[in-house]
Every structure is written in C-alpha cells, then in structure tokens.
Amino acid sequence: MLASKRILLIIGGGIAAFKALDLIRRLRERGATVTPVLTRAGAEFVTPLSVSALAGRKVFTDLFDLTDEAEMGHIELSRSADLIVVAPATADLMAKMAQGQAGDLASTLLLATDTPLLIAPAMNVRMWQHKATQRNIDTLRGDGIMFAGPNDGDMACGEHGPGRMAEPLEIVAAIETALADGPLKGRRILVTSGPTHEPIDPVRYIANRSSGAQGTAIARALSALGADVVFVTGPADIAPPEGVDLHRVETAREMLAACEAALPVDAAICAAAVADWRMASAAMSKMKKTAGGLPQLEFAENPDILATLSQRTQGRPALVVGFAAETDDLEANATAKRLRKGCDWIVANDVSAATGIMGGTENAVLLITDTGTEAWPRMPKDRVAARLAQRIADALAPETQ
Ligand code: CTP
C-alpha cells in the first residue's frame, strides 16, 4: 500500500520513541522509504545507530552539520517526502510547531515545508490536557495538520488517561489514509457513532441498543475515499476503525465537547444514537433499596449535538448530515426532523423491531435533502456507508461548493 512512498519521520524525545523503531520497520515492510530525523531529546531515548539500522539509511540529527548541509540541505530534505510524520510528537515539539519556531533541525524542517504532516502526540495526561497544549492542538488542526492518537491508557509515568502514543500499526493506518488518493483527500470529516451512556449512579446508566455499526462503517468508507476522519464514539459494541482520529466518550455532553473541539471540519455526520435525557444529577454513590419505596429519577434534557452543529453561526461545517431512527411515518417524521434540527441531509431508517435494522447488519434508508427524498434499497450497512461517502464526496467537490 505504501510502495515507493517517501516518509520523513521525525522522532521526538519521549519514552514512546522506542515505538518509532517498530513504526520504521512496519513502514518499510509496506514498501515505504523512511528518512529518519532524530531530535536531540529523541537521541536520549533511542540511539542514532538503531534508527539508521532499521531505516536502512542515514539518520539526520543536527541542523548545523555542515556535511549534511552539503549533501542535502534541510529545505530539500523537508520537501523530498510525500508525508512528514512526527512520532512521538512531544508537547514541546507541538508548541514549537504551533509557534513556528525553527531553533533546531526538526522544527526548521517543519517550518520550511508545505508537505502534508501527520503527528502522533505522546505526553503525560496532564500535559495533554493543559490549556496551553489544547490551544496548540487547535492551532495545529486549523493549520491542516493530521493527528494519529493519542490513545487513552496506562502511561510510563504511572498515570492513566489520554496522552499515550498511538500504536505503530494505528500510525501506519493513519499514514495510509493520509497518502490515499481519493475524492475526499484533504477533507476533514467528523463522524459521531455508537450510543451514549448517561450515569444514574456509579454502577447504573441509561443506554440504548445502538451497536455503532453504521457510524463505524461510514467512518471507514470516508477514510477509504481519503478523508481525514475524526471519529467520536460512545461505548459501542464493535471496534472503531483504524486510521481515524479516535475520541472515546461516554455521555452526550462529552460527545458534544469532543465534537466542538474537533472543529473546523468540512462535514459532520451525526450517526450516534445520543441519549435524549440524562439524570438531572447522577447519584455520587450507589443507590440502595430502601423501605421508603421506589427511587424517583429526575431527568434533564441532553444537548442536541446535530442541532448545535447545524445551527452554528460561525464555523458551521459545509455539510451536516443527521440520522433519523423512526418507527412510524418515516418520511414525514424525518423530513420534519431535517428542518427542525437545521441539518442539510437526513438519512432516515425504520427501526421497528420487525425490520431487524437496529443492531443488525443491513439497513434500508431514505436520503432526505433539500431537493427531495431518495429511497435506497435494503443493503449491508457497509454498502450504505460507501454510497453515502460517495455522495458526501460529490457534495464537497469544488465545482458544487
Ligand atoms: N442527535 C444528536 N444529539 C442528541 C440527539 C440526537 O446529535 N442529543 C442526532 C443523532 O445523532 C441523529 C439525529 O440527531 O443524527 C436524530 O436523532 P433522534 O434521536 O432520532 O432524534 P430526536 O431529536 O430524538 O427526535 P425524536 O424524539 O423524534 O426521536
């Protein structure tokens, strides 16, 4: 898949640098050439010798190495790649990139190029969550830089949370997506998927039967057309697709926050089955049976993510697509829903138990747009996804904008 692709890999200084060695191996297995650049901090974690041995070529380490400058100037080095990958991208490197600093070889290369750029952040959870890093992430996303990860998990420093570098194969999948030629190349698309869980107390929650299958299939189909997909998913039954910018959430409010943090995007596809209600206040400790009778649960309305994105006055995605799961009067209800929420398209499906659609592998949908309704034949969810992805590509194509 990556045959003859040229990747400039910048290895930053973090404990995750050891995974960059495996990344080099995986990329070369797929036919890519990897030109490695090791930052001074990166060289504290992996040796130049092991990096160059795995890459099968010279590792560049210092801007002021005059021999290197004579052989290949840093400007040329940065432009002679199909993709620049930064893994691990430390908080420091990301801050330098966001600021446009050029104090060493890595940051100079990053400033001197217009080659597409993918970064795999890796840092302590607090550093990732810090407002300064979050500001830098917004800046970098706004500059069109693609992200692989970070993942949630246990970290080398003993803490747990987001900040762990994506696994080498996940980065490979993101690289394949970034280099894929397709009608959605260069487009950033948000997909929501799965159910949400709304806590009642620490052990109980409100949920629904959504498996996440349709949203996952749509994300995969959009990636296959070259889109840079931000995938915001509730706790779904099926595994998320590879090669997407994955954000796992539990509740509707977390999902909205993750979606807003993902902006700007060219299109938003809201396939999640978001819980309409949550507890007005979830109990902090487990609710116990009492002699006094049944518990009284007080509900509050959740934010409507689709409506919120559709009705933004600033930074509204060019195309917002919602889903309507109905059991009666499918077309009339879905048409009204499109207008009420303010989205551009509604993909409507009949989820009556007899159809077997909710939680099943097939779907039969109506696509409702401002020009009318199209009935698509019943087909597997991945075919619905592929057809929808192609329609999205047509809608975002420059001549129709
Ligand atoms: N949706 C959302 N946020 C919510 C509820 C729904 O983004 N809080 C989105 C879903 O992702 C889907 C669309 O809205 O794209 C339709 O959801 P649905 O639950 O069918 O609509 P409701 O607004 O709940 O309308 P109804 O009560 O008629 O079912």
Side-chain angles (χ1 to χ4, degrees), residues 189-199 205-219 221-222 229-236 240 247-263 265 267-280 299-312 316-317 319-353 355 357-359 363-369 373 376 381 384-385 388-389 391-392:
I189 302 187
L190 169 68
V191 178
T192 71
S193 183
T196 62
H197 285 182
E198 309 294 334
Y205 55 83
I206 302 170
N208 60 63
R209 293 188 195 281
S210 166
S211 63
Q214 188 65 84
T216 301
I218 291 168
L222 291 166
V229 174
V230 185
F231 189 66
V232 179
T233 178
H247 298 265
R248 292 182 195 272
V249 297
E250 291 269 327
T251 67
R253 287 186 295 175
E254 288 169 9
M255 187 172 273
L256 176 62
C259 289
E260 290 190 320
L263 298 177
V265 294
I269 319 303
C270 294
V274 185
D276 289 321
W277 307 286
R278 64 175 186 276
M279 290 298 101
F299 287 92
E301 197 168 334
N302 266 331
D304 189 316
I305 299 162
L306 175 63
T308 306
L309 294 173
S310 299
Q311 292 164 25
R312 279 179 76 92
R316 183 193 190 276
L319 179 69
V320 183
V321 181
F323 279 71
E326 307 286 346
T327 51
D328 310 284
D329 299 329
L330 179 61
E331 184 170 358
N333 276 330
T335 302
K337 194 169 282 179
R338 188 181 85 83
L339 296 174
R340 193 167 67 243
K341 303 227 185 193
C343 57
D344 303 296
W345 300 352
I346 282 272
V347 180
N349 53 13
D350 182 347
V351 290
S352 318
T355 65
I357 283 174
M358 195 102 174
N363 209 347
V365 307
L366 301 179
L367 178 67
I368 300 175
T369 69
T373 301
W376 292 2
K381 286 182 177 175
V384 173
L388 184 65
R391 288 295 290 265
I392 292 166

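Both counts, for ligands and for their atoms, begin at 1 and track the order of listing. As a basis for the values below, the full set of heavy atoms in this structure was taken, side chains included, without hydrogen atoms, waters or symmetry mates.
- Near ligand 1, residues C270, A272, V274, D276, P303, D304, I305, L306, G322, F323, A325, K337, R340, K341 come within 4.0 angstrom through at least one heavy atom.
- A salt bridge links D344 and R316; the closest N-O separation between the charged side-chain nitrogens and carboxylate oxygens is under 4.0 Å.
- Of the N and O atoms on the side chains of E198 and T196, at least one donor lies less than 3.5 Å from an acceptor on the other residue.
- In this structure, the separation between CG on L319 and CD1 on I189 is 8.0 Å, given to the nearest 0.5 Å.
- With a 6.0 Å radius and a threshold of 12 heavy atoms from other residues, nucleotides or ligands, R248 has its CZ atom at or below the threshold.
- Contact check on R278 versus E301 returns no salt bridge, with no Lys/Arg side-chain nitrogen under 4.0 Å from an Asp/Glu carboxylate oxygen.
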Side chain to side chain donor-acceptor pair (under 3.5 Å) between N349 and N363, worked out:
CA-CA 7 Å; N349 53 13; N363 209 347; 3.1 Å; yes
